[in-house]
Amino acid sequence: MRAIPPPEIGHSCVPPLRKTGSGPSPMRRPSEIGAAVIGSGFIGTVHVEALRRLGVQVHGLLGSSPERAASRAEQLGVPRGYASLRELLDDDRVEVVHVTSPNHLHHPQVCEILAAGRHVVCEKPLALTSRESGELAALAAETGRVNAVNFNIRFYPLNQHAHELVADGMLGDVRLVTGRYFQDWLLLETDWNWRLEPDHGGALRAVGDIGSHWLDLLSFITGQPIVSVMADLATFIPTRRQPAGPVQTFSTERAAETVEREIATEDTATILLRFANGARGAVSISQLSPGRKNSLQWEIDGSSAAAFWDSEQPDQMWIGHRDRPNEILIRNPALMGPAGQAAAALPGGHVEGFADTFRALFRAIYADVGAGAPSERPGYPTFADGHDEMLVGDAVAISSRDGRWTDVERAA
Ligand SMILES: NC(=O)c1ccc[n+]([C@@H]2O[C@H](COP(=O)([O-])OP(=O)(O)OC[C@H]3O[C@@H](n4cnc5c(N)ncnc54)[C@H](O)[C@@H]3O)[C@@H](O)[C@H]2O)c1
């Protein structure tokens with residue numbers, strides 16, 4: 001086990017901007033809007049399926065090669081694969097591009113998409129470095145295009161409801177915010193994925209890949225930015241065996257031929273947090289917790305009540321009281337506030353899960369696409385939120401390297 005210094009990585013890209021019209025557009029429905037998806041691996045597939053549920057026209061896919069794009073398009077029933085990003089952007093029917101490629105491609109691809117005047121939905125983390133994510137946030141603001149980061153976990157209906165509970169003061173003052181995000185798919189030294197390589201995944205791995213969701217989510221639910229962190233990152237598997245061929249995300253297959261690789265990114269993180277209102281927090285993040293497939297948990301202790309939620313039981317939220325019996329709220333549009341209701345597609349008792357959050361998030365994003373521009377206060381995570389999470393990540397890396405509390409450096 002050893003501490004991780006952050007490697008020097010990232011790109012710079014300042015593309016020429018193609019200015020687009022800024023006049024008011026008539027409101028259009030998702031079924032009148034065309035999209036394309038970059039990447040058709042684990043999560044690109046979920047994007048395609050969620051877009052279909054909304055009626056958005058998915059005109060094509062871009063993959064790692066023209067052949068892969070064509071074969072994945074065929075498998076997913078999408079009309080075509082594009083041979084290049086240029087070819088995708090030359091398709092005038094495509095108004096929104098979903099970026100679900102590995103992290104190092106987000107910045108160059110999003111630069112080009114925004115320069116071509118398209119709206120963008122980008123997977124998390126927004127970029128490899130905060131310099132890149134800052135550039136993307138500035139570029140998105142300059143172009144006036146709809147820009148969203150796929151922090152889909154916000155869009156479990158009970159997380160939307162929890163945000164409203166806190167905003168309405170139902171928990172009192174937020175004091176303590178705790179939780180974890182545990183997975184086990186990188187438990188063994190033979191487990192491999194592009195996320196393990198800093199130049200593909202970023203200098204932070206467990207924190208960037210899954211911790212980013214938790215940090216974004218708890219800032220969203222509490223309405224409180226994280227202002228300072230004390231982090232301890234650890235790499236328990238300093239050498240892994242990379243299969244000679246390609247590997248699918250979440251794959252547990254063992255390759256016969258492997259190459260030894262040094263690992264420079266963290267398997268686990270334990271982070272103490274301070275929030276803007278003075279609340280304190282603690283989160284543990286791990287990609288090697290045996291048996292935990294995808295367990296994000298949070299608890300918020302307020303001055304009058306508490307709430308707890310677990311992504312592996314997403315249709316229920318525990319609400320804790322001191323002077324009366326505790327409650328379990330089963331997700332039910334009839335029992336949630338307007339934001340929770342808007343994110344729910346099914347009546348109570350008909351369990352909604354991971355894929356449904358994409359439908360709910362895209363529904364909010366495409367309302368703005370239909371209007372032609374971001375609303376004044378978008379109800380979904382934007383590039384500004386994606387950049388903010390990267391700044392929190394910077395503080396985590398510095399804190400772990402230096403062994404001290406570190407403030408999140410936001411521009412004044
Ligand atoms: N929101 C979530 O819950 C969630 C979950 C998983 C992954 N993600 C994010 O989605 C992204 C992809 O992750 P994944 O798990 O789907 O990875 P993956 O490896 O399963 O898929 C990546 C895809 O990108 C394609 N690709 C590679 N190079 C490309 C290029 N030059 N141009 C176009 N496509 C290219 C690959 O062929 C593959 O289809 C990452 O940024 C990851 O952090 C988000």
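When a ligand or atom number is given, it counts from 1 through the structure's own listing order. Just so it is clear, the model here is predicted, and its values are computed rather than measured. What's counted below: heavy atoms across the whole structure, side chains too, no hydrogens, waters or symmetry copies.
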Q: Just which atoms of ligand 1 are under 4.0 Å from any heavy atom in D209?
A: 43 (O)

Q: If you look only at pairs with a residue in residues 336-353, which of them pass as a salt bridge (Lys or Arg N to Asp or Glu O under 4.0 Å), with sequence neighbours excluded?
A: R331-E352

Q: Would a distance-only check, ignoring hydrogens and angles, find a side-chain to backbone donor-acceptor pair under 3.5 Å from N159 to I153?
A: yes

Q: Using a 4.0 Å cut-off to any heavy atom of R68, which atoms of ligand 1 qualify?
A: 37 (O), 38 (C), 39 (O)

Q: Quick one: which of E123, R195, R72, H104 has a heavy atom closest to atom 14 (P) of ligand 1?
A: R195

Q: Quick one: ring pair (Phe, Tyr, Trp, His ring centres under 6.0 Å) partners of H161, sequence neighbours excluded?
A: none

Q: Judging by distance only, is a nitrogen or oxygen of I43 under 3.5 angstrom from one on ligand 1?
A: yes

Q: Using the six-membered ring wherever Trp is involved, compare the ring planes of H98 and F362 and label them parallel, tilted or perpendicular (cut-offs 30° and 60°).
A: perpendicular

Q: So do the side chains of W309 and Y156 get within less than 4.5 Å of each other, counting heavy atoms only?
A: yes

Q: Could you tell me whether a side-chain N or O of R363 sits under 3.5 Å from a main-chain N or O of A342, the two making a donor and an acceptor?
A: yes

Q: With ring centroids as reference points, do F358 and F354 lie under 6.0 angstrom apart?
A: yes

Q: Under 4.0 Å from a heavy atom of N103: give me the atoms of ligand 1 that qualify, with their elements.
A: 40 (C), 41 (O), 42 (C), 43 (O)

Q: Looking only at distances, please establish whether an N/O atom of ligand 1 is found under 3.5 Å from an N/O atom of F42.
A: yes

Q: Report yes or no: does a heavy atom of F354 sit under 4.0 Å from some atom of ligand 1?
A: yes

Q: Which atoms of ligand 1 are found less than 4.0 Å from any heavy atom of P102?
A: 22 (C), 24 (O), 26 (N), 27 (C)

Q: Identify, by atom number and element, the atoms of ligand 1 in contact range of H106, meaning under 4.0 Å from any of its heavy atoms.
A: 41 (O)

Q: Report yes if some heavy atom in the side chain of F383 is under 4.5 Å from a heavy atom in the side chain of V149; otherwise report no.
A: yes

Q: Considering the heavy atoms of L105, write down every atom of ligand 1 situated less than 4.0 Å from one of them.
A: 28 (N), 29 (C), 30 (C), 31 (N)

Q: What's the verdict on side-chain contact (heavy atoms from CB on, under 4.5 Å) for W318 and E327, showing C-alpha distance, side-chain angles and the deciding distance?
A: CA-CA 6 Å; W318 176 89; E327 304 167 77; over 6 Å; no

Q: Give the atom numbers and elements of ligand 1 that come within less than 4.0 Å of a heavy atom of N150.
A: 1 (N)

Q: Quick test of your reading of the structure: of H213, K124, H200, H98, whose heavy atom lies closest to atom 42 (C) of ligand 1?
A: K124

Q: If the cut-off is 4.0 Å to any non-hydrogen atom of S101, which atoms of ligand 1 fall inside it?
A: 11 (C), 12 (C), 24 (O), 40 (C), 41 (O)

